Amino acid sequence: MSLTNLITPAALADRLDDPALLILDCRFDLAQPDWGQTQYQTSHIPGAFYLDLNRDLSGPVTAQSGRHPLPDVNTLTSKLNQMGLTATTHVIAYDQGRLPYAARLWWLLRYLGHPRISLLAGGWEAYVQAGYPVSHALPTPRPGDFTPHVQNQYIASRAEVVAAPNNPDVLLVDAREPRRYRGEWEPIDPVAGHIPGAVNLPWTELLPPQPYRERWHALNTPPREVICYCGSGVTACVNLLTLEWAGYAPGRLYVGGWSEWCRHPQP
């Protein structure tokens with residue numbers, strides 16, 4: 001994969017009437033869960049449908065899970081099919097602009113076996129700043145017929161995360177900010193710290209035009225199998241995306257992340 005799976009606002013604006021596209025708005029704010037839906041209803045890219053991180057891109061939280069467990073495959077597929085998803089659809093995903101929520105959808109579609117997805121470079125902010133059309137009209141549902149083919153190789157189990165520190169062929173990467181990784185500050189989860197053996201590569205330090213290739217090459221030379229995690233399986237998707245942009249084989253996501261691990265820290 002390369003940066004060719006980014007689409008510019010100009011290129012998207014030229015294709016707004018393309019029936020082969022499915023545009024998905026993923027804007028979200030962890031501190032204000034209804035913010036993204038409200039912003040979408042106020043204004044969005046014409047033809048875009050909305051997917052909510054909590055309601056659509058995650059499943060119900062349980063006593064054993066992290067804060068954003070995987071959604072039910074059939075439920076998510078049904079939702080996407082109501083938006084017109086087919087095996088040949090080119091999905092365009094966007095969020096505010098920093099990629100984490102759009103990257104979560106990118107990862108989920110790959111997990112479902114639909115790799116044809118591009119992310120909007122600069123997201124909503126770049127699109128609006130460039131002066132391209134927006135709308136408040138809700139799109140009409142259209143029939144889709146996508147059948148999922150789950151790619152379990154993109155997931156790392158808890159047992160594999162437990163074993164990672166003793167496996168020289170595996171690199172376990174924590175995508176959270178350094179203060180949270182070091183356990184100096186924890187604004188969300190009940191326990192501070194990181195998974196034993198993990199190294200820290202904050203997702204915010206990998207966003208283009210920052211030197212994500214250099215950061216990955218410095219950390220992963222010679223190449224190893226990469227497992228990424230964050231607080232709850234969202235921002236780590238940016239790490240997985242940039243890992244492939246840097247020229248490495250696809251990594252795997254520990255979906256539960258620190259929010260799951262800190263509930264049950266012992267193997």
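Owing to the predicted nature of the structure, the values given are computational and were not obtained by experimental measurement. When a residue number appears, it is its place in the shown sequence, counting from 1.
Residues satisfying the salt bridge (charged side-chain N to carboxylate O under 4.0 Å, His left out) test with Asp18, not counting sequence neighbours, are Arg15. In this view, Trp203 satisfies the ring pair (Phe, Tyr, Trp, His ring centres under 6.0 Å) rule with no residue, not counting sequence neighbours. Looking at residues two or more places apart in sequence or on another chain, you find a ring pair (Phe, Tyr, Trp, His ring centres under 6.0 Å) between Phe28 and Tyr101. Judged as a salt bridge (charged side-chain N to carboxylate O under 4.0 Å, His left out), and not counting sequence neighbours, the contacts of Glu205 are Arg215. Looking at residues two or more places apart in sequence or on another chain, you find a side-chain contact (heavy atoms from CB on, under 4.5 Å) between Ser78 and Gln82. Every residue meeting the ring pair (Phe, Tyr, Trp, His ring centres under 6.0 Å) condition with Tyr40, not counting sequence neighbours, appears here in chain and number order: His44, Tyr50. In terms of the side-chain contact (heavy atoms from CB on, under 4.5 Å) criterion, residue partners of Thr86 (sequence neighbours excluded) are, by chain and number, Thr88, Thr89, Asp145. Residues satisfying the side-chain contact (heavy atoms from CB on, under 4.5 Å) test with Ala10, not counting sequence neighbours, are Thr8, Tyr132. Qualifying ring pair (Phe, Tyr, Trp, His ring centres under 6.0 Å) partners for His90, counting only residues two or more places apart in sequence or in other chains: none. Every residue two or more places apart in sequence or in another chain that forms a salt bridge (charged side-chain N to carboxylate O under 4.0 Å, His left out) with Asp52 is listed here: Arg55. Partners of His136 according to the side-chain contact (heavy atoms from CB on, under 4.5 Å) rule, which considers only residues two or more places apart in sequence or in another chain, do not exist here.
With respect to Glu160 and Arg252, a salt bridge is recorded, a charged nitrogen being found less than 4.0 Å from a carboxylate O. Looking at Glu177 and Arg182, no side-chain N of the basic residue comes within less than 4.0 Å of a carboxylate O on the acidic one, giving no salt bridge. A salt bridge does not link Arg263 to Asp189: none of the charged nitrogens lies less than 4.0 Å from a carboxylate oxygen. A salt bridge links Glu186 to Arg180: at least one charged side-chain nitrogen sits closer than 4.0 Å to a carboxylate oxygen.
The two atoms that bring Ala48 and Pro139 nearest to each other are O-CG, 3.3 Å, heavy atoms only. When all heavy atoms of Tyr154 and Gly251 are compared, the closest pair comes out as CD2-O, 4.1 Å. Annotation for Val161 and Trp261: closest pair CG1-CZ3, 4.0 Å, computed over non-hydrogen atoms. For the pair Gly231 and Ser259, the tightest heavy-atom approach, listed with the atom from each and the gap, is O-OG, 2.7 Å. Heavy atoms only, all atoms of each residue included: Asn54 and Pro33 are closest at ND2-CB, 3.9 Å. Across all non-hydrogen atoms, the minimal contact from Cys230 to Val234 is SG-N, 3.2 Å.
Using a 30° and 60° split on the angle between ring planes, Tyr94 and Trp124 fall in the parallel class, below 30°.
Taken from CZ in Arg142 to CG in Leu85, the straight-line distance is 9.5 Å, to the nearest 0.5 Å. Atom CD1 of Ile117 is separated from atom CZ of Arg110 by 10.0 Å, given to the nearest 0.5 angstrom. Atom CG of Leu30 sits about 5.5 Å away from atom NE2 of His68, to the nearest 0.5 Å. Distance check, rounded to the nearest 0.5 Å: CG of Leu53 to CG of Leu105 gives 10.5 Å. The line from CH2 of Trp35 to CZ of Arg27 is 6.0 Å long, rounded to the nearest 0.5 Å. To the nearest 0.5 angstrom, Lys79 atom NZ is 6.5 Å from Leu51 atom CG.
With respect to Phe49, the side-chain contact (heavy atoms from CB on, under 4.5 Å) criterion is satisfied by exactly one of Leu24, Ile23, Asp25: Leu24. The only option from Leu243, Ile227, Leu201, Leu219 that meets the side-chain contact (heavy atoms from CB on, under 4.5 Å) definition with Leu171 turns out to be Leu219. Each of Leu207, Leu6, Leu119 was checked for a side-chain contact (heavy atoms from CB on, under 4.5 Å) with Leu241, and the lone residue meeting it is Leu119.
Separation of the Trp245 and Tyr212 ring centroids falls under the 6.0 Å cut-off. Between Trp107 and Tyr111, the ring center distance clears the sub-6.0 Å criterion.
Residue pairs satisfying the ring pair (Phe, Tyr, Trp, His ring centres under 6.0 Å) criterion with at least one member in residues 167-189, sequence neighbours excluded, are listed as follows: Tyr181-His194.
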Practice problem: Begin with the C-alpha distance, continue with both residues' side-chain angles, and end with the deciding distance and a verdict on side chain to side chain contact (heavy atoms under 4.5 Å, CB included) for Thr75 and Thr77. | Solution: CA-CA 5 Å; Thr75 301; Thr77 299; over 6 Å; no

